[in-house]
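One structure is given here, and the rest of the page talks about it.
Labels below follow one simple rule: chain letters A, B, ... track the order of the sequence lines, proteins then strands, and each chain is numbered from 1. Values below: all heavy atoms of this structure, side chains included; hydrogens, waters and symmetry mates excluded.
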Amino acid sequence: MHIQLKSLISELSKLNQTLSRTKILHALVIQNNLSRDPFYATKIVRFYAINNDLVSARNLFDKSPERSIYLWNSIIRAYAQAHRFSDAFMLFKCMLISETEPDSFTFACILRACSEWREIEGLREVHGKVVVSGLGTEFICDSALVSAYSKIGNVEVASRVFYGIDEPDLVLWNTMISGYGCHGDCAKGLQLFSKMREMGVRPDGYTVVGLIMALTDHSLIKVGEAIHGFCFKYGFVLNDHVGSVLVSMYSRCKCMDSACRVFDCLDRPDLVTWSSLITGFSQAGDYLKALIFFRKFMIDGGKSDPVLIASVLAASARLAVVGPGSEIHGFAVRNGYYTELMVSTALIDMYAKCGFLELGIQVFKTKTNTNIIMYNSMISCLGLYGRATEAFQMFNDMIDGEFKPDETTFCGLLCACCHAGLVKDGREYFTMMKNEFGIKAKAEHYVYMVKLLGMAGELEEAYQLIKSIAKPVNSSIWGALLSCCDAHKNYELGEVIAQHLFENKAEISSYSVMLSNLYAGDERWDAVNRLRVENGGAIRKIPGITWIGGISH
DNA sequence: ATAGGGTTAG
């Protein structure tokens, strides 16, 4: 019977572990008086864990008189993987006072749980226990420590652990490199990378993935290309993670040609890789390509998800053509994505930006649950259409729903005031934001306020407001005021501002259009020409045409 | 005998 059970267990391990199979197996084990054997108990605990039946797993564990290290580790891991941190930690504490001592894998598991739950105190505590247990020299513990500390944001301690190791293995090098990577410290990661090679350790796919993670924008594209070249040199296959990571890196950097080249090499790019590419096109301003690739993805039989849907809806919004967006709307409804707030928010925004605010409002009205992002979106959409009263009402609803407004909310409100010329309300919301909600005004808020005051002719007040800002003042803010001076033919104040900008050695090219318009309005053609010469003829706007700068919708 | 340290991305 034992032999039969053994072969049954080994067969079952190969199969898909269903809950019913596990229960049958459990019953068989009990029938044969084997449930006290930690070997079988461990197996069944693991099977229950795979099927998310932690209650049965725990029952079995509690009834096991003899608990091997395997059994302990399995039950702790079961809780940790189910994101039940406190249970996992409690069991770990029980283990410490039991006769079974934790091994490196127990520590690795609990360290990972600490970092996932951002339990910095727990992490420190477990770190201490690792040291006391004498397992601090084990690579498995060390890599778990380095990883946990980096993920929790404490790269300092992570690197201290790392540099305390004589001859780190590949996993440790990779862990530390990606530790620097997820901390955004590209330079340190690269340094470590060359040091690793100097010491004769051959990098693998994990190494480059860790490095590429840190490359977040176009300024680092040269580094990204070098690492890509390195993959070639070492003959890394682009499948698995390396290729996808390169695609998303190039997409993040808006190098869509390179992103496509890598993408074309991939056997079966997954959802996120497609999504990176599609979002990359959108962010690079190629909205049509974004939609075309989405269609390709669908034709290939790809299964979408809310993030991708929201992203293509944003691309349609930027195209400002309602066709594709409403098509995706239908698709979202048919496939159950519509329930996602992320999708409905994107829909509202898309309809509003495509000129169909009413359809956006309809979407909003069908939602029973909302969140702050959706309210913010509604407020700014209504504001954009000049429907300030409704935007204010939306804000009140939001407060009634006990949502806490954030800086975006006030951007929307101030935008609404601007579009409707409501100076008084604008002043009130601006004060409310700072005093009642403790939100510090950012450049966007000042731009709206300056524009609002300035367009109402309160140029001096707008000027004083800017002067009250602690330096440095964003160029859009001065730009907004210059435009207003132009519109109100207040060339005197315009000249004061211009002198101020010149004196402070401001980046005049950022204001050249506004300044030249101002001078043109005053028929000071010599000044217009001087500006033109100083800017290398870069002024493309026709002088004399008012251009309200500073705010991009 | 069992499992058991390091990944990515929108």
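Among residues at least two apart or in separate chains, ring pair (Phe, Tyr, Trp, His ring centres under 6.0 Å) pairs with a member in residues 118-138 of chain A are A/H127-A/Y149. Residue pairs meeting the salt bridge (Lys or Arg N to Asp or Glu O under 4.0 Å) criterion with at least one partner in residues 77-88 of chain A, sequence neighbours excluded, are A/R84-A/D87.
Ion pairing between a basic and an acidic side chain is recognised when a charged N comes within 4.0 Å of a carboxylate O; A/E225 and A/K222 show such pairing. Taking 4.0 Å as the cut-off between side-chain N and carboxylate O, A/D257 and A/R261 do not count as a salt-bridged pair. Between A/K93 and A/E125, at least one side-chain N (NZ, or NE/NH1/NH2) sits under 4.0 Å from a carboxylate O, which counts as a salt bridge.
Less than 4.0 Å separates DNA chain B from at least one heavy atom of each of the following residues of residues 205-217 of chain A: A/Y206, A/V209, A/M213. Applying a 4.0 Å cut-off to non-hydrogen atoms, the residues of residues 165-176 of chain A that approach DNA chain B are A/D169, A/V171, A/N174, A/T175, listed by residue number. Interface residues of residues 228-235 of chain A facing DNA chain B, ordered by number: none; criterion, heavy-atom separation under 4.0 Å. Applying a 4.0 Å cut-off to non-hydrogen atoms, the residues of residues 106-121 of chain A that approach DNA chain B are A/A108, A/R112, listed by residue number.
Closest to the A/L271 side chain, of the nucleotides B/dA9, B/dG10, B/dG6, is B/dG10. In this structure, of B/dG6, B/dA9, B/dG5, it is B/dG5 that holds the atom nearest to the side chain of A/F139. The side chain of A/D305 lies closest to B/dG10 when the candidates are B/dG10, B/dA9, B/dT2. Checked against B/dG5, B/dT2, B/dA9, the side chain of A/F39 finds its nearest nucleotide in B/dT2.
Between the NZ atom of A/K151 and the P atom of B/dG5 there is a distance of 11 Å, given to the nearest Å.
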Can you give me every donor-acceptor pair (side chain of residues 185-192 of chain A, partner residue at least two apart or in another chain, under 3.5 Å) with its distance?
residue: A/D185; atom: OD1; partner: A/K188; partner atom: N; Å: 3.3

Expected list for residues 272-279 of chain A: side-chain donor-acceptor pairs under 3.5 angstrom, two or more places apart:
residue: A/T273; atom: OG1; partner: A/D270; partner atom: OD1; Å: 2.5
residue: A/S276; atom: OG; partner: A/V272; partner atom: O; Å: 2.7
residue: A/T279; atom: OG1; partner: A/S275; partner atom: O; Å: 2.7
residue: A/T279; atom: OG1; partner: A/S311; partner atom: OG; Å: 3.0

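Residues satisfying the ring pair (Phe, Tyr, Trp, His ring centres under 6.0 Å) test with A/F410, not counting sequence neighbours, are A/F395, A/F437. For the ring pair (Phe, Tyr, Trp, His ring centres under 6.0 Å) test, residues two or more places apart in sequence or in another chain that qualify with A/F230 are A/F193, A/Y234. Under the rule for a ring pair (Phe, Tyr, Trp, His ring centres under 6.0 Å), the partners of A/F403 that lie at least two apart in sequence or sit in another chain are A/Y375. With sequence neighbours left out, the salt bridge (charged side-chain N to carboxylate O under 4.0 Å, His left out) criterion links A/D349 to A/K353.
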Determine, stepwise, if the pair A/K296 / A/D300 fulfils salt bridge (charged side-chain N to carboxylate O under 4.0 Å, His left out).
CA-CA 6 Å; A/K296 248 192 208 165; A/D300 273 15; over 6 Å; no

